[in-house]
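Working notes, structure below.
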Amino acid sequence: MRREPILTQSVFIKTHDKIDEAIAKKLLTPLGEELLNINLRHALLEREAKCLYAINKRSRIAFAKSVYRTLKRIINNKGKKAAYHFVTLAPARFAVPISQASAMDVARIIKWARRHLGKCHFLACVEAAIYPNLAKAGIAREIVVSWHVHAIVWGGKREAVKKRVDRVTKRCPSLLPGVPAGHVATFTADEILGRVWYALKAPCSEHNVYPMKTEDVDGESGEIFTAATGRFRQKKREIRPGNAVRMVGVMGTRTIPDLAFGGGKGLALLERAEEAARRALEKEDRRTEQRLARLFE
């Protein structure tokens with residue numbers, strides 16, 4: 001069954017609900033009990049959402065809703081005719097064995113991405129993707145985590161944005177041979193709003209990699225044989241519960257503001273969105289406390 005892309009609020013919430021439930025169930029198993037320390041288990045709790053932990057489902061949902069509303073206001077206020085670009089930057093330098101992934105210096109990724117995104121308006125977020133089978137594909141010795149960036153960029157022509165992304169592709173090798181380290185797609189104002197949900201999602205998928213092969217003919221014997229091309233294709237599927245728990249460990253107690261960053265108008269947008277998300281969560285918490293208090297009156 002084909003998965004729905006995470007481009008709407010309903011799919012975003014449904015996806016995070018499902019992963020959160022899978023993590024909770026995995027942690028109740030004998031193996032799962034040993035996977036996360038008490039600090040990470042604490043950060044997963046709904047009541048800790050106000051801290052905006054990146055691993056907290058309720059935090060992710062509140063923050064993404066707030067960014068969506070804030071960007072929509074900017075678009076509705078003289079931004080309808082602008083071109084918007086969705087940029088992905090995924091160089092090999094930020095792909096590491098999972099045993100080292102939690103120690104990644106996210107600030108270094110952000111500094112690098114800012115340099116390549118330039119002076120356009122943008123809002124961006126650092127994400128981590130898990131590649132479980134790279135050892136089998138002969139690319140790595142263990143599970144790999146690829147830290148990468150998704151950015152929504154505006155205020156610049158596609159040619160200028162593409163030139164910056166092409167520079168990344170030219171200078172930076174990617175994790176997989178034949179797959180570029182940078183990608184850009186251009187959208188209308190209405191279309192780009194769906195990319196907010198995609199850019200701000202938690203690790204929801206796992207990426208399995210397979211070598212591409214071609215058939216050739218032996219010039220002497222005429223025998224047909226299969227040879228590796230040196231290129232790879234990847235298939236994305238819903239993250240398995242065990243890997244979802246592993247990614248909680250990778251993300252650690254980082255907050256969403258640790259991962260999200262902006263430039264130009266995007267910087268103020270994220271600041272307003274963070275404030276609004278915190279207010280919304282605090283308001284929800286007060287309502288919950290009031291309901292509980294009434295139950296014991």
N/O donor-acceptor pair under 3.5 Å between [X] side chain and [Y] backbone:
| X | Y | result |
| --- | --- | --- |
| Arg41 | Leu36 | yes |
| Asn56 | Leu45 | yes |
| Arg254 | Met251 | yes |
| Ser66 | Ala62 | no |
| Glu206 | Arg240 | yes |

Search all heavy atoms of [X] against all heavy atoms of [Y] and return the closest pair with its distance.
| X | Y | result |
| --- | --- | --- |
| Phe122 | Trp154 | CA-CZ3, 3.8 Å |
| Val149 | Ala113 | CG2-CB, 4.0 Å |
| Cys125 | Ala199 | CB-O, 3.6 Å |

Between [X] and [Y], is there a side-chain N and carboxylate O pair less than 4.0 Å apart?
| X | Y | result |
| --- | --- | --- |
| Glu282 | Lys50 | no |
| Lys163 | Glu159 | no |
| Asp17 | Lys57 | yes |
| Glu21 | Lys25 | yes |
| Glu48 | Arg58 | no |

Hydrophobic clustering (ILVMFWY, side-chain heavy atoms < 4.5 Å, transitive) - are [Y] and [X] grouped together?
| X | Y | result |
| --- | --- | --- |
| Ile74 | Leu193 | yes |
| Val248 | Ile61 | no |
| Val87 | Leu7 | no |
| Ile192 | Leu270 | yes |
| Leu123 | Tyr68 | yes |

Q | Lys265, NZ atom: more than 12 neighbouring heavy atoms under 6.0 Å | A |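 No, not enclosed.
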Q. Just wondering, are more than 12 heavy atoms of other shown residues or ligands nearer than 6.0 Å to CD in Gln100?
A.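 Above 12, so yes.
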(Q) List the residues meeting side chain to side chain donor-acceptor pair (under 3.5 Å) with Asn208, not counting sequence neighbours, and say none if there are none. (A)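 If we apply the side chain to side chain donor-acceptor pair (under 3.5 Å) test to Asn208, skipping adjacent residues, there are no hits.
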**Q.** Distance in Å, Gln234 CD paired with Leu134 CG, rounded so as to fall on 0.5 Å steps
**A.**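 One gets 9.5 Å once the value is rounded to the nearest 0.5 Å.
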**Q.** For Leu31, all residues meeting side chain to side chain contact (heavy atoms under 4.5 Å, CB included), sequence neighbours excluded
**A.**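 Once residues adjacent in sequence are excluded, the partners of Leu31 under the side chain to side chain contact (heavy atoms under 4.5 Å, CB included) criterion are Lys26, Thr29.
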**Q.** Ser205: which of Lys235, Lys236, Arg3 passes side chain to side chain donor-acceptor pair (under 3.5 Å)
**A.**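 Single pass found, and it is Arg3.
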Q.
Quick check: Phe86 with His150 (ring centres under 6.0 Å apart)?
A.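 Yes - the distance between ring centres of His150 and Phe86 falls below the 6.0 Å cut-off.
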Q | Stepwise side chain to side chain contact (heavy atoms under 4.5 Å, CB included) check, Ile23 with Leu27 | A | CA-CA 6 Å; Ile23 290 170; Leu27 292 177; 3.9 Å; yes
Q) Taking only residues at least two apart or on different chains, which pairs with a member in residues 113-122 satisfy side chain to side chain donor-acceptor pair (under 3.5 Å)? A)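 As it turns out, the side chain to side chain donor-acceptor pair (under 3.5 Å) pairs with a partner in residues 113-122, which skip direct neighbours, are Trp112-His116.
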Q: Scan for side chain to side chain donor-acceptor pair (under 3.5 Å) pairs involving residues 165-190, sequence neighbours excluded, and state none if there are none.
A: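 For residues 165-190: Lys80-Asp190, His85-Thr186, Arg158-Thr186, Lys162-Asp166, Thr188-Glu191.
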Q | Ile143 side chain near Tyr131 side chain, heavy-atom distance below 4.5 Å | A |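 They are not in contact (no side-chain heavy atoms under 4.5 Å apart), so the answer is no.
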Q.
Please determine whether side chain to side chain contact (heavy atoms under 4.5 Å, CB included) holds for the pair Leu40 and Ile55, giving the CA-CA distance in whole Å, both sets of side-chain angles, and the decisive distance to 0.1 Å.
A. CA-CA 8 Å; Leu40 293 178; Ile55 61 175; 4.1 Å; yes
Q: Keeping to residues at least two apart or across chains, list the ring pair (Phe, Tyr, Trp, His ring centres under 6.0 Å) pairs with something in residues 23-66.
A: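 Not a single pair qualifies under ring pair (Phe, Tyr, Trp, His ring centres under 6.0 Å).
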Q: Among residues two or more places apart or on two chains, list those pairs meeting ring pair (Phe, Tyr, Trp, His ring centres under 6.0 Å) that have a residue in residues 5-33.
A: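 Listed once each, the pairs are Phe12-His16, Phe12-Trp197.
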Q: Go through the steps to decide whether Arg246 and Asn243 satisfy the test side-chain hydrogen bond (donor to acceptor under 3.5 Å, both in side chains), and finish with yes or no.
A: CA-CA 5 Å; Arg246 289 186 180 95; Asn243 285 332; 2.8 Å; yes
